[in-house]
Amino acid sequence: MERDEIVKELFRMRDAEYASFQKELIPGVGETEMIGVRTPDLRRFASQLMKEGKSEGFLNQLPHEYFDENQLHAFMISKLKNFDECINQVNRFLPYVDNWATCDQLSPAVFAKNKEKLQPHIRRWIGSKETYTVRFAIRMLMGYFLDDVFDPVYPEMVAAVSSDEYYINMMIAWYFATALAKQYDAVIPYIEERRLSAWTHNKTIQKCVESYRISDEHKAYLRTLKVRK
């Protein structure tokens, strides 16, 4: 399916009220870039195009004009079953990711079974100068490396990220809050020793206090570690 046909179909699925709602949530996306297709419809459309063998041309047409095209692109990549093909597509796409929503929708299922092969790519992404490439790298560490393959080197990698970017620091806080829920003993020293910036430190504690996965005992202790400004 040609890109023009895909865009035409996206406009057919448009919800103007949803577009207005999204524009308020996603800074950096211009008014004319937002079509307003709801996420379930985008997911279904991505599955349809891939099932019909009509996704390859679209995936090779970068950059896109519309936010919704980028979302569709992220959903397609996330469904690729071959690791090497998926990594190639991720690397092609990441330089064009310019907002938190598209970054966070990029969740390749094939990564879960290829964690060892994924590691060197994460190490490269986390050292990028691009905000959403770094955010993506931290999110991959959060999603795939906090359970059976956890290693203390991973929180070290995240703590070493120094940035003034809100969407990177928010992801660092999200990572450490999740890490405290899953690997408390290994990760609590980062909070006790104030290894993070003051804002990120306090945001991590806030997320922990709001989480149902953190025990009341740990929440009470974490509250005592908040940085007072």
Side-chain angles (χ1 to χ4, degrees), residues 1-15 18-19 22-23 26 28-145 167 171:
M1 182 179 286
E2 295 293 331
R3 184 240 171 202
D4 289 348
E5 296 178 73
I6 289 176
V7 171
K8 183 177 180 180
E9 182 64 17
L10 291 175
F11 272 96
R12 189 191 68 78
M13 294 185 283
R14 182 180 194 180
D15 183 326
Y18 186 63
Q22 278 191 307
K23 280 183 285 188
I26 307 171
V29 177
E31 185 172 350
T32 59
E33 298 169 28
M34 186 76 72
I35 297 174
V37 182
R38 290 183 176 271
T39 297
D41 293 330
L42 283 171
R43 290 186 185 276
R44 281 192 291 269
F45 192 32
S47 296
Q48 174 191 329
L49 290 171
M50 296 186 76
K51 184 177 181 180
E52 296 174 355
K54 298 177 180 178
S55 61
E56 184 176 353
F58 179 76
L59 289 175
N60 290 327
Q61 293 177 347
L62 287 168
H64 297 304
E65 181 178 356
Y66 297 103
F67 164 81
D68 308 69
E69 287 184 90
N70 283 324
Q71 294 290 87
L72 182 67
H73 198 123
F75 290 137
M76 287 182 180
I77 291 177
S78 298
K79 294 176 181 293
L80 293 173
K81 296 180 179 180
N82 179 278
F83 177 81
D84 292 332
E85 178 187 4
C86 186
I87 278 290
N88 287 337
Q89 289 292 349
V90 167
N91 284 328
R92 289 186 67 250
F93 186 51
L94 279 175
Y96 300 100
V97 175
D98 61 0
N99 65 85
W100 68 265
T102 302
C103 179
D104 292 1
Q105 293 290 15
L106 186 59
S107 299
V110 72
F111 285 1
K113 296 182 179 180
N114 293 274
K115 295 174 184 177
E116 186 173 348
K117 293 170 69 175
L118 179 61
Q119 289 179 32
H121 298 281
I122 291 177
R123 291 178 185 278
R124 181 168 52 81
W125 294 331
I126 206 168
S128 172
K129 295 181 180 179
E130 300 297 326
T131 296
Y132 296 102
T133 299
V134 176
R135 181 180 171 97
F136 180 72
I138 298 170
R139 198 165 61 81
M140 293 301 97
L141 286 173
M142 182 179 72
Y144 299 118
F145 296 91
Y167 288 105
M171 181 55 68

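Starting from 1, each residue takes its place in the sequence as its number.
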**Prompt:** Distance from H121 atom NE2 to M140 atom CE, nearest 0.5 Å?
**Reply:** 13.0 Å
**Request:** Fit a plane to each ring of F11 and Y66, take the angle between them on a 0 to 90° scale, and name the class: parallel (under 30°), tilted (30 to 60°) or perpendicular (over 60°).
**Result:** perpendicular
**Message:** Can you classify the ring geometry of F58 versus H73 as parallel (below 30°), tilted (30 to 60°) or perpendicular (above 60°)?
**Reply:** tilted
**Request:** Find out whether M76 and L72 are in side-chain contact, i.e. whether some heavy atom of one side chain is under 4.5 Å from a heavy atom of the other.
**Result:** yes
**Prompt:** Do E65 and T32 come within less than 4.5 Å of each other through their side chains, counting heavy atoms only?
**Reply:** no
**Prompt:** Below 4.5 Å, heavy atoms only, C-beta onward: do L118 and I87 meet side chain to side chain?
**Reply:** yes
**R92 to L62 - nearest heavy-atom pair and separation** = O-CD1, 3.7 Å
**Item:** Between NZ on residue K23 and CD on residue E33, distance to nearest 0.5 Å
**Value:** 11.0 Å
**Request:** Evaluate the side-chain proximity of Y96 to H64: yes if any heavy-atom separation is below 4.5 Å, no if none is.
**Result:** no
**Complete:** CD1 of I77 to OG of S107, rounded to nearest 0.5 Å, is 11.0 Å
**Prompt:** Can you tell if the side chain of Y132 reaches within under 4.5 Å of the side chain of T102, non-hydrogen atoms only?
**Reply:** no
**Asked** Does the pair Q89 and L80 meet the rule for a side-chain contact (heavy atoms from CB on, under 4.5 Å), with working shown?
**Response** CA-CA 9 Å; Q89 289 292 349; L80 293 173; 3.8 Å; yes
**Complete:** Here the gap from T39 atom OG1 to Q105 atom CD, rounded to the nearest 0.5 Å, amounts to 5.5 Å
**Request:** Test F136 against L94 for side-chain contact (heavy atoms from CB on, under 4.5 Å), laying out the working first.
**Result:** CA-CA 9 Å; F136 180 72; L94 279 175; 3.9 Å; yes
**Asked** With side chains defined as the heavy atoms from C-beta onward, is the minimum distance between V90 and F111 less than 4.5 Å?
**Response** yes
**Item:** Least distance between heavy atoms, K79 atom then A46 atom
**Value:** CE-CB, 4.3 Å
**Message:** Just verifying a value: how many Å separate M171 CE and T131 OG1, rounded to the nearest 0.5 Å?
**Reply:** 12.5 Å
**Asked** Do F83 and K113 have side chains that get closer than 4.5 Å, going by heavy atoms?
**Response** no
**Asked** How far apart are the C-alpha atoms of R124 and T133, what are their side-chain angles, what is the distance that settles it, and do they pass the side-chain contact (heavy atoms from CB on, under 4.5 Å) test?
**Response** CA-CA 9 Å; R124 181 168 52 81; T133 299; over 6 Å; no
**Asked** Short question: side chain of N99, backbone of I26 - any donor-acceptor pair under 3.5 Å?
**Response** no
**Item:** L10 and D41: CA distance, side-chain angles, deciding distance, side-chain contact (heavy atoms from CB on, under 4.5 Å) verdict
**Value:** CA-CA 9 Å; L10 291 175; D41 293 330; over 6 Å; no
**Closest approach of Y144 to P108 (non-hydrogen atoms, all atoms of both residues)** = OH-O, 3.0 Å
**Message:** Atom CD of residue position Q61 - does it have more than 12 heavy atoms of other residues, nucleotides or ligands inside 6.0 Å?
**Reply:** yes
**Asked** What's the spacing between Q48 CD and R43 CZ if we round to 0.5 Å?
**Response** 16.0 Å
**Message:** Assess whether a salt bridge exists between R12 and E9, defined as any Lys/Arg side-chain N lying under 4.0 Å from an Asp/Glu carboxylate O.
**Reply:** yes
**Request:** Spell out, as yes or no, whether a donor-acceptor pair under 3.5 Å connects the side chain of R14 to the backbone of I35.
**Result:** yes
**Message:** Walk me through whether D84 and K117 qualify under salt bridge (charged side-chain N to carboxylate O under 4.0 Å, His left out).
**Reply:** CA-CA 9 Å; D84 292 332; K117 293 170 69 175; 3.8 Å; yes
**Item:** Close side-chain approach of K81 to V110, heavy-atom, < 4.5 Å
**Value:** no
